[in-house]
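To start, the structure under review is shown below, and the notes come after it.
Computed from a prediction, not measured in an experiment: that's the story for all the values here.
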Amino acid sequence: MLRRICRRLCVSPLIANVSNNRKTVNVQWTDNLSASFHALWLWDNNPSHKEPDSQQRMFAPGDTPLDTTVETATLSPNGLQLVFSDGKQAHFDSQWLKEHNNAHITTTAPAVGTFNAHKNGNWWQNISSSDLAVLSYTDLNSHPDCLKHRARFLAGLNRSGLALLREVPVQYEKVLDVAEQFLGPPMRHLYGLMFEVKAEENPINIAYTNLGLSAHQDLNYYESPPGIQLLHCHRFDPQLQGGETFVVDGLIAAEVLRKEQPEHFNTLTRIPATFQKKHLKRDNPSWRIYRRPHFQLNPSGDLINVSYSPPFEGPLQACLEDMEPYYAAVQAYKEVVERHMATGFHSWSVRLQPGDCLVFNNRRMLHGRRSFDGKGQRLFQGAYVNIDEYLNTVQLAQLQFPDVIGDVIYRAGNNNWTADLHRNQPTAQPTSGCKCQQTEQQYTVEYAMSTKGWKPASSQQQTASQSA
């Protein structure tokens, strides 16, 4: 079956004519279909920019030089040969160009929602860049006051978007136990329940190399990407140079872009990017494609989602008029992210040691790693938790330890129109025209912590406490 798919994808109709005005290349096929391709789009989708085995990007859309032009465009036996103004060359298969042409997109994407930088963008001002919860696994697992330690772990994850557990036993699939015990059930995904990050030959993912990974989120080609990601370090040989893991707050970087360059922020709320995982040469073939804007707002203009994953972005589907605004905007966001990484502003970098488990919100935070080299091994085991399971755990913990968790469950990047959940927020009263009647009931529910997570106390416990 896969061979038939590959043969179908490799059928290449001929290009009859090509013309070039340096900013756009105009192509006409033998069946009279014609399309125009922007120079920025062509540079961004240069086939040589992909890692050969995984076919994932090694350059981000934000790396595209904004002054790029096409110097020459000539026909080849099965496609198009280009030379760009920076000297780079590219060969495009005629069938691939035909499948990815944007001739059917004739209007600019409309603006989505409204926003005001001062009204909507300051939710994070009380979160310090130095906030990072570092806790011992033993304290969360077996300390006499382990429930409160677990609440501190969740509070740090809620505020800063990440937390670090030390001294986690280096055991196979221990990361699944950590997820189940402290956060929620592990999420099954393309790579199974647990995945390993190590350099290997013929990798199915660019993460399985020694190359550096730019700031990104995982699995944005899913409709509902993973919420929480756990990375448990099993081995990191000291002779290896590089390989540090870094995490930067993607939501806060977007808010800074909104304040500094609102036109670019607006562009990234209205032009959808393409996220994809197209890889047939693997045990479980993948052909996943999902389009959404990098930033999403609720009707009040609150930022409720960031989707940013350059290694997994496919060809932009937009009209010619939106090409230059998009590439300028995504470059501006990338520069904010890199500036925050360089200055430590809501960003962290760490060389994980065996027993360390880094936990972060994949819907809010961007993560990556430095390239590494030398003789030795670097091995992590990872897992994901669904964002709804995580938020349920945090909100149940808030009921038992309100002083530890705090009054606010900060936005998790999960598109919830209620951006930040405030405890004791007044309940909306019915309007005078409403015929229903409300009855006020005061009740108290006690919560207890089990070894598998937060759950309501048993009715026997409640009865015993009442009789006491």
Side-chain angles (χ1 to χ4, degrees), residues 23 38-45 49 57-69 85-86 108-124 129 212-217 220 246-275 291-297 301-347 364-368 413:
K23 266 201 167 184
H38 199 283
L40 298 179
W41 186 95
L42 291 165
W43 191 98
D44 180 38
N45 289 285
H49 290 173
R57 286 174 174 266
M58 295 186 294
F59 288 86
D63 293 324
T64 307
L66 299 181
D67 59 353
T68 294
T69 57
S85 51
D86 62 359
T108 60
V112 179
T114 59
F115 60 86
N116 177 281
H118 300 290
K119 176 180 182 294
N120 302 105
N122 295 325
W123 58 271
W124 54 274
S129 288
L213 294 175
S214 62
H216 68 283
Q217 295 159 309
N220 265 338
F246 61 82
V247 183
V248 58
D249 197 314
L251 282 177
I252 290 179
E255 295 288 14
V256 171
L257 180 68
R258 169 168 22 195
K259 183 176 182 180
E260 294 179 352
Q261 302 181 76
E263 70 283 0
H264 289 327
F265 180 91
N266 186 40
T267 294
L268 296 182
T269 67
R270 66 181 186 83
I271 301 176
T274 302
F275 301 96
R291 295 178 67 221
R292 64 176 127 227
H294 288 292
F295 304 156
Q296 295 185 62
L297 310 175
D302 296 307
L303 178 67
I304 56 175
N305 176 258
V306 166
S307 298
Y308 185 72
S309 190
F312 299 96
E313 289 186 31
L316 177 66
Q317 297 181 43
C319 66
L320 285 174
E321 289 78 10
D322 276 340
M323 290 290 174
E324 292 183 19
Y326 172 82
Y327 283 106
V330 78
Q331 185 176 107
Y333 180 62
K334 178 175 179 286
E335 289 172 352
V336 172
V337 168
E338 291 178 345
R339 188 175 79 216
H340 288 186
M341 289 167 51
T343 60
F345 185 75
H346 292 278
S347 70
R364 169 179 167 183
M365 313 299 285
L366 314 178
H367 70 284

Handout entry: Backbone N/O of L40 and side chain of D44: donor-acceptor pair under 3.5 Å
Key = no
Exercise for the section: For S347 and V248, indicate whether the former's side chain and the latter's backbone hold a donor-acceptor pair under 3.5 Å. Expected result: no
Contacts of [X] that satisfy side-chain hydrogen bond (donor to acceptor under 3.5 Å, both in side chains) - sequence neighbours left out:
X    : answer
R291 : none
Q296 : N305
Y308 : none
E335 : none

Rounded to the nearest 0.5 Å, how far does [atom2] of [Y] lie from [atom1] of [X]?
X    : Y    : atom1 : atom2 : answer
D302 : L297 : CG    : CG    : 8.0 Å
N220 : T274 : CG    : OG1   : 12.0 Å
H38  : D322 : NE2   : CG    : 10.5 Å

Residues that [X] engages under ring pair (Phe, Tyr, Trp, His ring centres under 6.0 Å), provided they are two or more places apart:
X    : result
H340 : F345
Y326 : H294
H346 : W124
H216 : H367

Looking at every heavy atom in both [X] and [Y], which two are closest together, and how far apart are they?
X    : Y    : value
N45  : R57  : OD1-NH2, 3.8 Å
A215 : V337 : CB-CG1, 3.9 Å
W123 : L251 : CZ2-CB, 3.9 Å
R258 : F265 : CB-CD1, 3.4 Å

Problem - Residues which pass side-chain contact (heavy atoms from CB on, under 4.5 Å) with E338, listed by chain and number, not counting sequence neighbours - result: K334
Exercise for the section: Could you list the residues that satisfy side-chain contact (heavy atoms from CB on, under 4.5 Å) with A329, not counting sequence neighbours? Expected result: H264, T267, L268
Practice task
Taking the side chain as every heavy atom from C-beta outward, state whether W43 and D86 have any atom pair closer than 4.5 Å.
Solution key: yes
Practice task
Compute the centroid of each ring, for F295 and then for Y333, and state whether the two points are separated by less than 6.0 Å.
Solution key: yes
Practice task
Take T64 and Q331 through the side chain to side chain contact (heavy atoms under 4.5 Å, CB included) test and state the conclusion after the steps.
Solution key: CA-CA 8 Å; T64 307; Q331 185 176 107; 5.5 Å; no
Exercise for the section: Would you check, one step at a time, whether the test side chain to side chain contact (heavy atoms under 4.5 Å, CB included) holds for E324 with L66? Expected result: CA-CA 8 Å; E324 292 183 19; L66 299 181; over 6 Å; no
Practice task
Evaluate side chain to side chain contact (heavy atoms under 4.5 Å, CB included) for R364 paired with D249, printing each intermediate quantity in order.
Solution key: CA-CA 6 Å; R364 169 179 167 183; D249 197 314; 2.8 Å; yes
Side-chain polar contacts of residues 309-321 - donor-acceptor pairs under 3.5 angstrom, sequence neighbours left out - could you list them?
| unit_1 | atom_1 | unit_2 | atom_2 | d |
| --- | --- | --- | --- | --- |
| S309 | OG | Q217 | O | 2.8 |

